[in-house]
Amino acid sequence: MGIPPPDWKKAESALCGWYRKNARDLPWRQDPSPYKVWISEVFLQQTQVKTVVSRYQQWMSRFPDTESLAAASEDEVARAFEGLGYYSRAGNLHKTARVLMEKHGGALPGDMDTLRGLPGIGPYTAAAIASIAYGQDAAAADANVERVIARFADAPFPMKSRDGQKILETVLASLLPPDRAGEFNQAMMDLGALVCTPKAPACHACPLAPWCLSLARNTVAARPVRAPRPKTTAIEVAAAVIRRGEAVLVQKRPEGGRMAGLWEFPGGKLEPGETPGEAVVREIREELALTVVCGKKLISIRHAYTRFRVHLHVFECVLSPPGQTPVANAASEIRWASRGELERLAFPAADRRLVRLLEETRGSSL
DNA sequence: CAATCGTGGGG
DNA sequence: TCCCCAAGATT
């Protein structure tokens, strides 16, 4: 690596000095408790800080502690998590809250191994909680830290690779100051977020610049080495708005798959050669055992999730004959939801957009 | 261990 | 419009 670890003591010192002046003022850093650290770290998994801040504050006012979270219903927790993505996180927070109440007196454990055993807490989150909330010597390596180390050590391979993980582990073990891991971890993350950014990093303002190998070698722009991204797939989907008086028919997605536990408007993917209108009639028959006539098209919604680009065609559909009773073939639950209920249930982003449209156009020709 | 799981913002 | 990306966990 070319740089003797003794010199890195100064690097660590420079980093933490920088952090004391430049630390971001984030809600979960004010009067931190293990609960706050846990919730914020789970929210921040693969999710940008800006997105998390306001949602975190709403969550805290509704679920101020483990006890209130454990006592809530699944739908309530899902609704509080709506829009954040990767929804298994919501279910795992709920499960862990209940485990904590039953087995740990409502408190989060402080040791890495016990933390790792809790749903939704992996290596990063366990290290973050142990170091930040309990002052233990654990290095928490998120995407920010990986990027900083990739540049610092000029790693010529993806950080997810075996070689990358080895470099990460070695360098962090050398840099990590005993008894100040929490501060160090947060300093690394803030450095990655504010200075050592993915594009156009501010190397002139970086406290680690004197030791940064990729800066010396002029390879900063090429670090970290990116693993190739999976290709995105375009899919066409049709969904139905079926009314009964003031209510509309919605269904809850079963456990295990995408958007598990969230509610949605019934529908599904078009089969080859099918029009959206034909698809929605077929899907409603298969999913709900209902015979419908496809009416007016309400809206076309484009959205992207994971590796899919979805084009969603939404139709007003009418039961024919009227008065049929739906059967939950594809859902864990179905419900005729009133306006107030639509507000309380958790929907994926695209379906929430549709709910808003229905509310805006209520009373009009729709 | 590679694949899977969302979303919103920016270029 | 499209691509890139951002405080990971799970299987």
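Each chain gets a letter, A, B and so on, in the order the sequences are listed, and its residues count up from 1.
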**Study point:** Separation between the P atoms of dT4(B) and dA7(C), rounded to whole Å
**Key:** 23 Å
Exercise for review: Name the residue closer to the 5' end of DNA chain B, choosing between K199(A) and A260(A) according to the nucleotide with the nearest heavy atom.
Suggested key: A260(A)
Practice item. Please name all residues satisfying side chain to side chain donor-acceptor pair (under 3.5 Å) with E246(A), sequence neighbours left out, ordered by chain then number. Key: R362(A)
Practice item. Quick one: label L84(A) by what it contacts on the DNA or RNA (base, sugar-phosphate, nothing), any heavy atom closer than 4.0 Å. Key: base
**Study point:** Listed partners of E333(A) passing salt bridge (charged side-chain N to carboxylate O under 4.0 Å, His left out), at least two apart
**Key:** R335(A)
Exercise for review: Would you give the length of the straight line joining atom CG of L118(A) to atom CG of L108(A), rounded to the nearest 0.5 angstrom?
Suggested key: 7.0 Å
Review point. Under the salt bridge (charged side-chain N to carboxylate O under 4.0 Å, His left out) test, which residues partner K252(A), sequence neighbours left out?
Key: E74(A), D75(A)
Check your understanding: Should R147(A) be listed as having a side-chain N or O under 4.0 Å from OP1 or OP2 of dA7(C)?
Key -> yes
Review point. Across the strands shown, which category fits S40(A) at heavy-atom distances under 4.0 angstrom: base, sugar-phosphate, nothing?
Key: nothing
Practice item. Check the pair E283(A), K269(A) against salt bridge (charged side-chain N to carboxylate O under 4.0 Å, His left out), reporting the backbone distance first and the verdict last. Key: CA-CA 8 Å; E283(A) 289 284 351; K269(A) 282 165 58 176; over 6 Å; no
Revision key, fill the gap. Across all chains, not counting sequence neighbours, the ring pair (Phe, Tyr, Trp, His ring centres under 6.0 Å) partners of Y56(A) are W28(A)
Exercise for review: Consider only side-chain N and O atoms of Q30(A) and D25(A), and report whether a donor and an acceptor are under 3.5 Å apart.
Suggested key: yes
Check your understanding: If you look at every strand shown and take non-hydrogen atoms under 4.0 Å, does R226(A) touch a base, only sugar-phosphate, or nothing?
Key -> sugar-phosphate
Check your understanding: Hey, does the side chain of S88(A) come within less than 4.0 Å of dA9(C)'s phosphate (OP1/OP2), counting only N and O?
Key -> no
Check your understanding: If you look at every strand shown and take non-hydrogen atoms under 4.0 Å, does A304(A) touch a base, only sugar-phosphate, or nothing?
Key -> base
Review point. From dT1(C), dC3(C), dA9(C), pick the nucleotide closest to the side chain of P123(A)?
Key: dA9(C)
Revision key, fill the gap. Output for pair (Q186(A) CD, C16(A) SG), nearest 0.5 Å, gives 10.5 Å
Exercise for review: Please work out if F43(A) contacts a base, only the sugar-phosphate, or nothing of the nucleic acid, heavy-atom cut-off 4.0 Å.
Suggested key: nothing
Review point. With respect to the phosphate group of dG8(C), does any side-chain polar atom (N or O) of Q45(A) fall under 4.0 Å of OP1 or OP2?
Key: no
Exercise for review: Could you state the atom-to-atom distance from CG of L168(A) to C1' of dA7(C) in whole Å?
Suggested key: 14 Å
Exercise for review: May I have the distance from H311(A) (atom NE2) to dT1(C) (atom P), rounded to whole angstrom?
Suggested key: 9 Å
Check your understanding: Which pairs, with at least one residue in residues 89-117 of chain A and sequence neighbours excluded, count as a salt bridge (charged side-chain N to carboxylate O under 4.0 Å, His left out)?
Key -> none
Review point. F81(A) has an atom CZ; how far is it from atom P of dA9(C), in whole Å?
Key: 13 Å
Practice item. Output the residues of residues 26-36 of chain A in contact with DNA chain C, where contact means a heavy atom of the residue under 4.0 Å from an atom of the strand; sort by number or write none. Key: L26(A), W28(A), R29(A)
Study note, to complete from the structure: Which of dT1(C), dG8(C), dC5(C) is nearest the side chain of Q48(A)? It is dC5(C)
Revision key, fill the gap. So, with a heavy-atom separation below 4.0 Å from DNA chain C, the residues of residues 52-63 of chain A are none
Revision key, fill the gap. Between OH of Y86(A) and P of dT10(C) the distance, given in whole Å, is 14 Å
Check your understanding: Within the modelled atom types, does a donor on one side and an acceptor on the other bring the side chain of R24(A) and the base of dA7(C) under 3.5 Å apart?
Key -> yes
Check your understanding: What integer number of Å spans the C1' atoms of dG8(B) and dT1(C)?
Key -> 16 Å
Practice item. With sequence neighbours excluded, tell me which residues meet side chain to side chain donor-acceptor pair (under 3.5 Å) with R344(A). Key: none
Check your understanding: How is T51(A) classified with respect to the nucleic acid when contacts are heavy atoms under 4.0 Å: base, sugar-phosphate, or nothing?
Key -> nothing
Study note, to complete from the structure: F308(A) CZ to dC2(C) P, in whole Å, measures 17 Å
Check your understanding: Taking only residues two or more places apart in sequence or in another chain, which ones pass side chain to side chain donor-acceptor pair (under 3.5 Å) with E343(A)?
Key -> R79(A)
**Study point:** Euclidean distance, atom CG of residue L191(A) to atom P of dA7(C) [Å, nearest integer]
**Key:** 12 Å
**Study point:** Distance, rounded to the nearest Å, where K95(A) contributes NZ and dA9(C) contributes P
**Key:** 15 Å
**Study point:** Residues which pass ring pair (Phe, Tyr, Trp, His ring centres under 6.0 Å) with F184(A), listed by chain and number, not counting sequence neighbours
**Key:** none
Study note, to complete from the structure: note: Y124(A), atom OH; dG8(C), atom C1'; distance rounded to Å ~ 9 Å
Review point. For atom C1', what is the distance between dC1(B) and dT11(C), given to the nearest Å?
Key: 10 Å
Exercise for review: Identify, with sequence neighbours excluded, every residue that meets side chain to side chain donor-acceptor pair (under 3.5 Å) alongside E41(A).
Suggested key: Y124(A)
**Study point:** Boundaries of the DNA chain B segment in contact with chain A, non-hydrogen, under 4.0 Å
**Key:** dC1(B) to dG10(B)
